[in-house]
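Below you'll find the structure, written out as structure tokens, and then a few comments.
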Protein chains: 2
Amino acid sequence: MADTARRPEHRYGNRPTMKDVAARAGVGLKTVSRVVNGEPGVTPDTERRVQEAIDSLGFRRNDSARVLRKGRTASVGLVLEDLADPFYGPLSRAVEEVARAHGALLINGSSAEDADREQELALALCARRVDGLIVIPAGSDHRYLEPEIRAGVATVFVDRPAGLIDADVVLSDSYGGARNGVAHLIAHGHRRIGFIGDRPRIHTATERLRGYRAAMEDAGLEVAEEWVSLGPTEPDRVARAVGAMLSGPNPVTALFAGNNRVTVTTVRVLASRETPVALVGFDDIELADLLGITVIAQDAAALGRTAAERLFRRLDGAEEPPTTVVLETKLIPRGSGETAPA
Amino acid sequence: MADTARRPEHRYGNRPTMKDVAARAGVGLKTVSRVVNGEPGVTPDTERRVQEAIDSLGFRRNDSARVLRKGRTASVGLVLEDLADPFYGPLSRAVEEVARAHGALLINGSSAEDADREQELALALCARRVDGLIVIPAGSDHRYLEPEIRAGVATVFVDRPAGLIDADVVLSDSYGGARNGVAHLIAHGHRRIGFIGDRPRIHTATERLRGYRAAMEDAGLEVAEEWVSLGPTEPDRVARAVGAMLSGPNPVTALFAGNNRVTVTTVRVLASRETPVALVGFDDIELADLLGITVIAQDAAALGRTAAERLFRRLDGAEEPPTTVVLETKLIPRGSGETAPA
DNA sequence: GTGAAAGCGCTAACAT
DNA sequence: ATGTTAGCGCTTTCAC
């Protein structure tokens with residue numbers, strides 16, 4: 001029987017193994033392992049022979065087997081909302097860089113803001129035995145991760161806090177940022193200010209709303225019911241919300257947009273109107289400088305980096321209790337937030 | 001000795017195994033495996049007992065072991081340039097969606113436009129035995145992947161062709177898109193048009209330049225040497241190039257920007273100038289509509305989706321010879337490309 | 001319907 | 001300096 005047909009189909013398309021390399025080089029299995037892993041205790045001559053066998057067979061170590069034996073996968077999982085969102089791209093990249101510095105690969109998954117999908121993804125990553133997990137929560141109950149964390153999966157939550165479990169968290173200061181932004185509008189003479197945010201079950205949305213309310217209260221301003229709108233960030237919904245706030249008996253003269261997607265739609269709607277409306281948006285967006293959009297910027301890359309660094313500190317054995325880190329936001333005035341009421 | 005101390009440290013933080021579940025449920029190992037994998041041939045009663053043991057122990061199947069045995073990881077790798085780039089986010093997300101539909105996870109890696117890093121990443125993914133690999137090439141020689149492809153790793157190249165190997169490729173029509181864009185400028189009366197693109201070793205950069213030259217030649221226009229600038233997309237470099245083309249004895253009246261990053265910087269530079277300069281950019285960018293930037297749009301998500309679908313068709317056993325798919329681009333006029341020369 | 005035994009490719013522990 | 005053995009946790013095979 002031909003040599004190539006010797007093996008069962010499932011063996012990764014008949015890849016050579018260390019055993020094959022050992023046979024070819026006329027050495028023992030462990031010697032091959034030593035060469036492959038750069039361990040000491042091999043004479044230059046044997047090493048050369050092994051290396052030749054490796055090259056001629058096209059051998060590449062099977063990390064699946066290695067992982068099974070070592071118990072560490074050198075990979076971390078990142079569950080986020082949507083990789084296509086310009087906010088999460090840089091965050092993910094920052095996590096990847098830290099992982100890379102620690103010799104680990106990154107497995108990404110998008111929850112699409114769905115709690116079940118978040119859980120499914122996170123648990124699939126745990127089944128793969130990722131060393132650590134970074135989660136941008138879609139759901140609000142993370143007790144399903146308790147057994148995993150107890151079993152040793154380092155876990156850090158980013159952008160939003162964990163629900164019902166005690167864990168490391170890295171956040172931006174949504175409350176403070178929104179409060180500053182709204183205070184900024186008030187300082188420029190606005191009294192009727194609208195808030196358009198994401199769905200109320202999203203932590204950052206309610207925190208930013210809280211900041212808005214605090215700023216209004218600080219200034220002794222009442223908030224009319226119709227000035228607040230939380231909901232999906234689909235352009236239609238946001239456009240309707242903007243339209244409603246600008247019409248009616250009590251129209252706003254300024255708007256605070258609760259995140260990047262809301263800001264973008266709001267800018268589009270305002271551009272098609274003649275009466276100027278002041279605007280401050282949470283999250284910086286590309287080209288906002290040219291459009292003169294005043295924003296509360298958060299540093300997505302810093303969020304990712306901070307979370308990843310905490311994760312690897314845990315993996316390196318740090319035993320401190322879980323902490324919550326809050327990163328500051330920055331108000332960037334560019335014009336849209338510095339106009340007086342019409 | 002306490003039960004919890006029974007196991008060696010490396011066993012994934014002492015997670016229960018199927019063996020443990022079997023012991024607890026008083027059944028054989030294989031029966032647990034059957035329950036866990038939903039295989040038939042287990043009485044409802046046994047199944048219940050096994051499920052109870054699973055729940056009480058917090059058992060979760062170790063996919064590393066499963067992978068080793070089955071030879072398939074149900075994961076695909078994606079090597080791209082930079083996850084933080086707004087062009088690659090949607091592409092990556094599209095790949096992820098297709099992978100998800102096939103029950104596979106996605107491992108991402110950024111090459112940072114470095115050929116060595118691309119190779120390192122791609123081979124690391126192969127060592128993990130990803131079932132398939134999608135590569136946005138940074139390098140121009142992919143012969144290093146030949147043994148992997150021969151060993152059964154399905155591989156598809158996106159955005160740029162593979163170098164020196166025969167493989168599936170999915171591209172946007174860079175040549176045609178640039179040619180259309182430049183022809184559009186010529187149709188609006190421009191005769192002196194500049195081209196600013198990415199580094200010449202990047203395939204899309206040279207293809208777009210080729211399209212530019214073709215459009216100029218079609219119109220019987222000479223291309224002055226100083227109207228063409230290829231190089232890194234760093235803002236400084238691009239800004240210098242724009243400045244040079246707009247000054248001197250033979251200034252251009254219109255510019256073609258070779259990709260999203262070049263367009264962004266060019267728009268910034270032009271915004272600070274008084275004389276209007278026409279502009280068409282390759283790649284659509286967020287808020288370009290509000291800034292009135294005319295672009296040649298390519299569909300990043302379609303690139304990713306098409307590549308991923310091809311990949312999974314291969315994994316499902318398709319044996320056709322490698323093909324190259326070219327996706328059309330679309331000219332979106334928004335104002336900046338429709339102004340006559342000053 | 002159920003289980004015992006073999007083995008996936010590697011590394012750890014222990015020879016030689 | 002090199003090799004042998006056991007076993008990581010699972011699936012496959014085959015026997016009961």
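FYI, side chains are in, hydrogens and waters are out, and symmetry mates aren't considered; it's all heavy atoms of this structure. Chain letters run A, B, ... following the sequence lines, proteins first and then strands; every chain starts at 1. Quick caveat: nothing in here was measured; it's all calculated off a predicted structure.
A salt bridge does not link A/R313 with A/D316: every distance from a Lys NZ or Arg NE/NH1/NH2 to an Asp or Glu carboxylate oxygen is 4.0 Å or more. Under a 4.0 Å N-O distance rule, the pair A/R100/A/E96 does not qualify as a salt bridge.
A donor-acceptor pair under 3.5 Å is absent between the side-chain atoms of B/R61 and the main chain of B/N37, judged by distance alone. Side-chain atoms of B/T73 come within 3.5 Å of backbone N or O of B/R129 as a donor-acceptor pair. Here the side chain of B/E118 pairs a donor or acceptor atom with the backbone of B/A138 at under 3.5 angstrom. Checked by atom type and distance alone, the side chain of A/R49 pairs as donor or acceptor with a backbone atom of A/A25 at under 3.5 Å.
For A/K30, taking side-chain heavy atoms from C-beta onward, the closest of the listed nucleotides D/dG3, D/dT11, C/dG3 is D/dG3. Of all nucleotides listed (D/dT11, D/dG9, C/dT11), D/dT11 comes nearest to the side chain of B/S33. Taking only side-chain atoms of B/R66, from C-beta outward, the nucleotide of C/dG9, D/dC10, C/dA13 with the closest atom is D/dC10. Of the candidate nucleotides D/dT11, C/dC10, C/dG3, D/dT11 has the atom lying nearest to any side-chain atom of B/R69. Side chain of A/L29, nearest nucleotide from C/dT2, D/dT12, C/dC10: C/dC10. Considering only side-chain atoms of B/F59, the nucleotide from D/dT11, D/dC10, C/dC10 that sits closest is D/dC10. Between D/dT2, C/dT11, C/dT2, one nucleotide has an atom nearer to the side chain of B/T43 than all others, and that is C/dT2. Proximity note for A/V27 (side chain, C-beta onward) versus D/dC10, D/dT2, D/dG3: the nearest is D/dG3.
Atom pair A/R129:CZ and C/dC10:C1' shows a separation of 18 Å (rounding to whole Å applied). Rounded to whole angstrom, the span from the CZ atom of A/R61 across to the C1' atom of C/dC8 amounts to 17 Å. When the C1' atom of C/dC10 is taken as reference, atom CG of A/D63 falls 10 Å away, rounded to whole Å. The separation between B/R128 atom CZ and C/dC10 atom P is 15 Å, rounded to whole Å. Rounded to a whole Å, the CD1 atom of B/I54 is 14 Å from the C1' atom of D/dC10. One can place NZ of B/K19 at 16 Å from C1' of D/dT11, the figure rounded to the nearest angstrom. Between the CG atom of A/D20 and the P atom of C/dC8 there is a distance of 11 Å, given to the nearest Å. The CD-P distance, from A/E39 to D/dT2, rounds to 13 Å in whole Å.
Note on A/T46: every side-chain N or O is 4.0 Å or more away from OP1 and OP2 of D/dA1. A sub-4.0 Å separation between OP1 or OP2 of C/dC8 and a side-chain N or O of A/N62 is absent. Proximity of B/T31 to the phosphate of C/dG3: a side-chain N or O atom is located under 4.0 Å from OP1 or OP2.
Counting any heavy atom pair closer than 4.0 Å across all strands shown, B/N37 reaches sugar-phosphate atoms only and no base atom.
A donor-acceptor contact under 3.5 angstrom links the side-chain atoms of A/R34 to the base of D/dG3.
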